[in-house]
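Take a look at the structure below.
In what follows, chains carry the letters A, B, and so on, assigned in the order in which the sequence lines appear, proteins first and then strands, with residues in each chain numbered from 1. The shown structure was predicted, so the numbers you read here are calculated from the model rather than taken from an experiment.
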There are 2 protein chains.
Amino acid sequence: MDTCEYAKIFKALGDETRLKIFEMLRGGELCACKILENLNITQPTLSHHMKILCECGIVMARKDWKWTHYSLNCALLSGLIAHLGDTKCRRNTEE
Amino acid sequence: MDTCEYAKIFKALGDETRLKIFEMLRGGELCACKILENLNITQPTLSHHMKILCECGIVMARKDWKWTHYSLNCALLSGLIAHLGDTKCRRNTEE
DNA sequence: TTGTCGTATAGATATTTGTCAATATAATAG
DNA sequence: CTATTATATTGACAAATATCTATACGACAA
C-alpha cells in the first residue's frame, strides 16, 4: 500500500456524504436502498458515491438478487489505522 | 468532534501533495522551507496547502523568528485513530 | 413479451479545487 | 530608510467534482 492509495481512501472519506455512508457501514452491512433512506440525495448520486468508496477499496459490494449490499473492508481499514498509528508522536511538553 | 470535522481532516489528507506533507511531518517537526525542498510545487502553493492542513487541525504551526515550523497535532491524530478503530469489524467468514 | 424493481451509466452544469505568477507582509540587518 | 528573507495573500484559470434528470441494464414475475 503506497501513499497514493491512502490518498485515494482519504479523498473518498473527505466528502461529507461519503463519510456519512462510511459511518453507517461501521455498524455493519447495508443495502443501497437502506443507505439512500438516510441521505437527502438521489439514487444516481448515491450510486456515484458508492462507486468511489468501492474503487478506493474501503467498501466492498455484494450482490444478492436485486439488492447490492455494502460493507467495510475491515482488513484495509485495519491497515490504515495501523499506518496512522505508526506516527512518531512526542509529548508536546518536551523534546 | 463531529463527522463534519473528520470530513475536513480526510479532505485535507485526500490530496496527494498534502498527504506527502503529512507523511513528512510524521517524522517530526519541519520548517516550511524544508518541506518545500521535497516537493515540486511553488512556495505559494505550499502555503496554500499548509493553510488547509492547519485549518482542519491536524497540523500545527509554530513561528520562530523568520521560520514557521509545522508539526502534527498528535492529540487530534490519536482521536481520529481511536474513532476509526471503534468500528464493528466482523471476521468476514461468518456472521 | 411486458412490467416492475433496484441499481448503474450518460450527459449537463454549477461549484470547488490545485496551481501558478505577482504582490504583500513581517521581521531583521545594515 | 532600504534591502533581504521566509511566508502569506491575491487573482486567474484549467481541471476535478457533486449533483441532477433521463435513460439503460439485469433479474425476476405474470
Taking only nitrogen or oxygen atoms into account, show me every contact under 3.5 Å that the protein makes with nucleotides 2-6 of chain C, one pair per line with its distance.
| unit_1 | atom_1 | unit_2 | atom_2 | d |
| --- | --- | --- | --- | --- |
| C:dC5 | O4' | A:Lys66 | NZ | 3.2 |
| C:dG6 | O3' | A:Lys66 | O | 3.4 |

A:Leu53 CG - C:dT7 C1' separation (whole Å)
16 Å
In whole angstrom, what separates A:Arg62's CZ from C:dT7's P?
12 Å
For A:Asn40, look at atom CG and say whether over 12 heavy atoms of other residues, nucleotides or ligands are found less than 6.0 Å away.
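Counting other residues, nucleotides and ligands, CG of A:Asn40 stays at 12 neighbours or fewer.
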Output the residues of residues 16-26 of chain B in contact with DNA chain D, where contact means a heavy atom of the residue under 4.0 Å from an atom of the strand; sort by number or write none.
none
Near DNA chain D, counting only heavy atoms under 4.0 Å, which residues of residues 40-52 of chain B show up?
B:Gln43, B:Pro44, B:Ser47, B:Lys51
Could you give the distance from [atom1] ([X]) to [atom2] ([Y]), rounded to the nearest 0.5 Å?
{"X": "B:Thr42", "Y": "B:Leu36", "atom1": "OG1", "atom2": "CG", "answer": "8.0 Å"}
{"X": "A:Leu72", "Y": "A:Ile58", "atom1": "CG", "atom2": "CD1", "answer": "6.5 Å"}
{"X": "B:Met24", "Y": "B:Leu39", "atom1": "CE", "atom2": "CG", "answer": "4.0 Å"}

Considering only residues two or more places apart or on different chains, which pairs with a residue in residues 19-48 of chain A satisfy disulfide bond (SG atoms under 2.5 Å apart)?
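Matches after skipping sequence neighbours: A:Cys31-A:Cys33.
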A:Asn38 side chain to A:Lys34 backbone, donor-acceptor under 3.5 Å:
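Checked: pair present.
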Is a side-chain donor or acceptor of A:Ser78 paired with a backbone partner of A:Cys74 at a separation under 3.5 angstrom?
yes
May I ask you to test the [X]-[Y] pair for a side-chain heavy-atom distance under 4.5 Å?
{"X": "B:Leu76", "Y": "B:Ile9", "answer": "yes"}
{"X": "B:His49", "Y": "B:Ile41", "answer": "yes"}
{"X": "A:Tyr6", "Y": "A:Leu84", "answer": "no"}

Answer with base, sugar-phosphate or nothing: what part of the nucleic acid does B:Lys11 contact at a heavy-atom distance below 4.0 Å?
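If one applies the 4.0 Å heavy-atom cut-off, B:Lys11 turns out to touch the sugar-phosphate alone, with no base involved.
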Short N-O contact, A:Lys8 and A:Glu5, less than 4.0 angstrom:
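Judged by the 4.0 Å cut-off on N to carboxylate O distance, A:Lys8 and A:Glu5 do not form a salt bridge.
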Give a yes or no on whether a salt bridge exists between B:Glu23 and B:Arg26, defined as a side-chain N under 4.0 angstrom from a carboxylate O.
yes
Below 4.0 Å from chain A heavy atoms, what is the first contacting nucleotide of DNA chain D and what is the last?
D:dT17 to D:dC28
Who pairs with A:Ile52 by side-chain contact (heavy atoms from CB on, under 4.5 Å), at least two apart in sequence or on another chain?
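Applying side-chain contact (heavy atoms from CB on, under 4.5 Å) to A:Ile52 gives A:Ala12, A:Arg18, A:His48.
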